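See below for the structure under consideration.
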Amino acid sequence: MSHTHVIDNVEPQLFDSCDESNLLHLSALNPVPPQANFTVPATPKLSSHDATLTSEEKLALGDAEVVGKGKGVTRTLPIPIPVVIPSDLFTMHSASMSSIGGSSHSSSLLVPLTSSYFDPYTFYSDVQQEQDFPIIREDVGSASMEPSPKGKEKESPPVLPPLAFSPTDLCLSSTSPLTSSPSSGISSSTPNMPALTPLTVSDVLIPIPLVVKNYFDEILPRELRLHIFETLVNLHEIDHLRAIRQGRWSVAKASSSRNRWVGRDGGVRELVKFSRVSKSWQALAFDGQLWTGLDLRSFPNVTESLILHFTAIGGQCIRTLDISGNTQISAETLLELSDHLCVSFDIGTCYTQLTVINLQGCAGLTTRSLHHLLLRSRNLQKLCVKGLKAVTNTTCSILSTHNTQLVFLDISRCISMDARGVESMAIAALNRGDHLLLKELRVSGLRSIDDDMMTALGKAAPYLEVLDLSYARQLHNSAVDAFVACGIEEDTGSKTILVPPRDLGRSDSNEFRLRRRITRLRHLSLSNCVLLTDDACSNLTFSVPNLEFLELSGIGSDLKDDGLIRLLNSTPYIRRIDLEDASQITDAVLNALTPSGSGAQSRRAGVAPETGHALEQLNVSFAVNLTNEALLSLVRGCTRLKYLEADNTHITSTVLKEFVRSCNQRGIINAQANVVDCRGVIENTVKELAGLTRPRMGWRAYEARKLMFLDARDGNADELKVGQDECDEKRVVLKSFYSWQTVDNVKAAREKRRKSKRTTGDSGDSDRDVGLGRSLRWWSPGGRRTPRTSGRNSPLSIADLNRDGCRVM
């Protein structure tokens, strides 16, 4: 019997009835001799009458093209693609090749095909390459050995549909013998053959999950994750400082809405956004270790719920609370916030870790809610409640009793309290035999200040360095004297000095010596205290040797030379002095502020420095008695002077030129000269100094976007031809009548350029707009756009049509 079985027209029958029992009786095409690297041979073209060639004849043809008789139509034999069916998964390995096809008792072995059988370029397994024998495709029942009749064109083998299971659904079990079955054609006498164990289809159809390991949440410890989040905020601040240092930060960038929050504020916003990723990230983003300083002053519109969320998770770690400017905070929210900040909720041990509180501008708070927070903040060191109605005299009593570590206190403009509150706070400390630790006290606008209050404050606050009493309408010279005066045998707990009454301007005093308290004041503000005169300055003589900032503006003509000169001679470290509206001062005050030429030698020799050697800012506006020579001598003698305000004085162009050129030579940055309403400064002088000056002190921030400062980094060449770079720190800010005209000229140049661009765009599109009937920029009174009918003019309303006079847009 031949070893080759002729394949009859079986393929159409397979499509008609393709069940699993029939498929198990089919085999693959004839094998190819084993090769190391198998290459698919070129497929010959056969004619219609050659379709009945046997597999050996087809193999012998090779690449030859056969042309038959018939119609002469040639076609390409399809490449034999292996059909993956259950019977193709195994090859029949015959023990006796002579018994194939005829005997029903022929012993055949099913050899599993390897993965190479399914390779698109290798169609046979390694087992078949070891022995060269044909693969037999048997029909259901008996196989037909008869060749196809000539002249009958054979159909191309159809492509079977893909199986519902893969070849891996069948596995071999070497433990159980293969049993015979009529359909398989395998004899029961086959010794110890592996059995076929089909797998379930559901196991194959289930997709293999792709597990991506979350190294951040699962591998890193919590401390490292918190450090990464903290570094995010620090990097935002470092990047912003680097951009400023490298000159990449400009007004145009700062005015963009994308750069509204930069530096630390930008990092805080990104950190809050991270809380939306997952619950684990939310716990990290609001962890108290990242919010030891809760500074939300740059976000005045933050909601109450977000603030409570901050404090609810990490409230026990918060040391600084700054929600200034947030008008949405209510009293109930502050009460709940105070409970969140407490370390313990037990009665008697409930307290917070706050050291700094800033509630300025939180107008919705009540006295009860404020006291509830202060009573639980025993470690409080800095408190700012400026302008709050909730602050009363009782608040000061609570501060003196429960907040004894307070160093900074700002209760300015609190209309619900007066001087009695500050006095009670000082007396409570004296009754305990203690002193207030206050170093900075701001009580601007405080009502009913008298001698008793200033006496108690002077005794109870020996460490005071900054005292703001501005706009205290009832403050008198005697109250200032009571602040530094003390008895001869009084135990003050601070340094004192005995001063002759004549040195204090008291020629009629019967006392031989007056004992004065030496304070640590560095900054004293007495501006707009209208009852004061220069006698207040005389009372402070020898009591403020470390004074650096002195503000006496708004006092008026009662401020004269004598008291000022006495005070200035005893304050060698003065850096800033404000004498605005002191219309009665003369050149003697300026001479007291001007150091002599030997000041540098005296400092090197170890002698006390002269007054004026550290002077940086001077305001003598409306001092009409000052001469040009005294101002010129001051500018040349004070080498650190960078701010000179002399509005409405007799200053001339000579002093202005000297000041501008001196600042340029000394390398002083952000210098400023105000000479508004000074007739001695002419327009030619301003134009001459245009290369060294600028009309305004510009800064690069989102808050300054509406001021539209001119910045050279933005490349505005046309505008720089008209004005000066307002953000150049090396230029001196010159404020005068003519410099304001420069600002207006820059604004006009911008408007002109904007109009020219608009005109160019409209002229090019005017015809197309009319032709297309496109609705244009003007709006009708009813709120609907109307097509252009009259060029660039706005459409007329119904009311305008009935008017004979001017037409209102």
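Here the structure is a predicted model, which is why all the values come from computation and not from measurement.
- Aromatic ring pairs are classed by plane angle as parallel below 30°, tilted from 30° to 60° and perpendicular above 60°; the pair Trp249 and His240 is perpendicular.
- Shown are Leu399, Ile398, Asn393; of these, the side chain to side chain contact (heavy atoms under 4.5 Å, CB included) with Met425 is made only by Leu399.
- Taking the six-membered ring for Trp and thresholds of 30 and 60 degrees, Phe286 and Trp291 have nearly parallel ring planes, at less than 30 degrees apart.
- There is no side-chain donor-acceptor pair under 3.5 Å between Glu465 and Tyr463.
- Side-chain contact annotation: Glu551 with Ser525, donor-acceptor N/O pair under 3.5 Å present.
- Counting only distance, with no hydrogens or angles, the side chain of Arg705 and the backbone of Ser255 share no donor-acceptor pair below 3.5 Å.
- In this structure, Arg576 forms a cation-pi arrangement with Phe549, its terminal cationic atom sitting closer than 6.0 Å to the ring centre and no more than 45° off the ring axis.
- Side-chain N/O atoms of His371 and Thr394 include no donor and acceptor closer than 3.5 Å.
- Both the sub-6.0 Å distance and the 45° axial angle are not jointly satisfied by Arg258 relative to the ring of Tyr702.
- Side chain of Ser444 to main chain of Asp468: no donor-acceptor pair is present (N/O by atom type, distance under 3.5 Å, no hydrogens or angles).
- Contact between His236 and Gly263 at its shortest, heavy atoms only, is CB-O, 3.1 Å.
- Closest approach of Thr455 to Ala482, counting heavy atoms only: OG1-CB, 3.2 Å.
- A distance-only check finds a donor-acceptor pair linking the side chain of Ser369 to the backbone of Thr366 [under 3.5 Å].
- The nearest pair of heavy atoms linking Leu532 to Ile555 is O-CG2, 3.3 Å.
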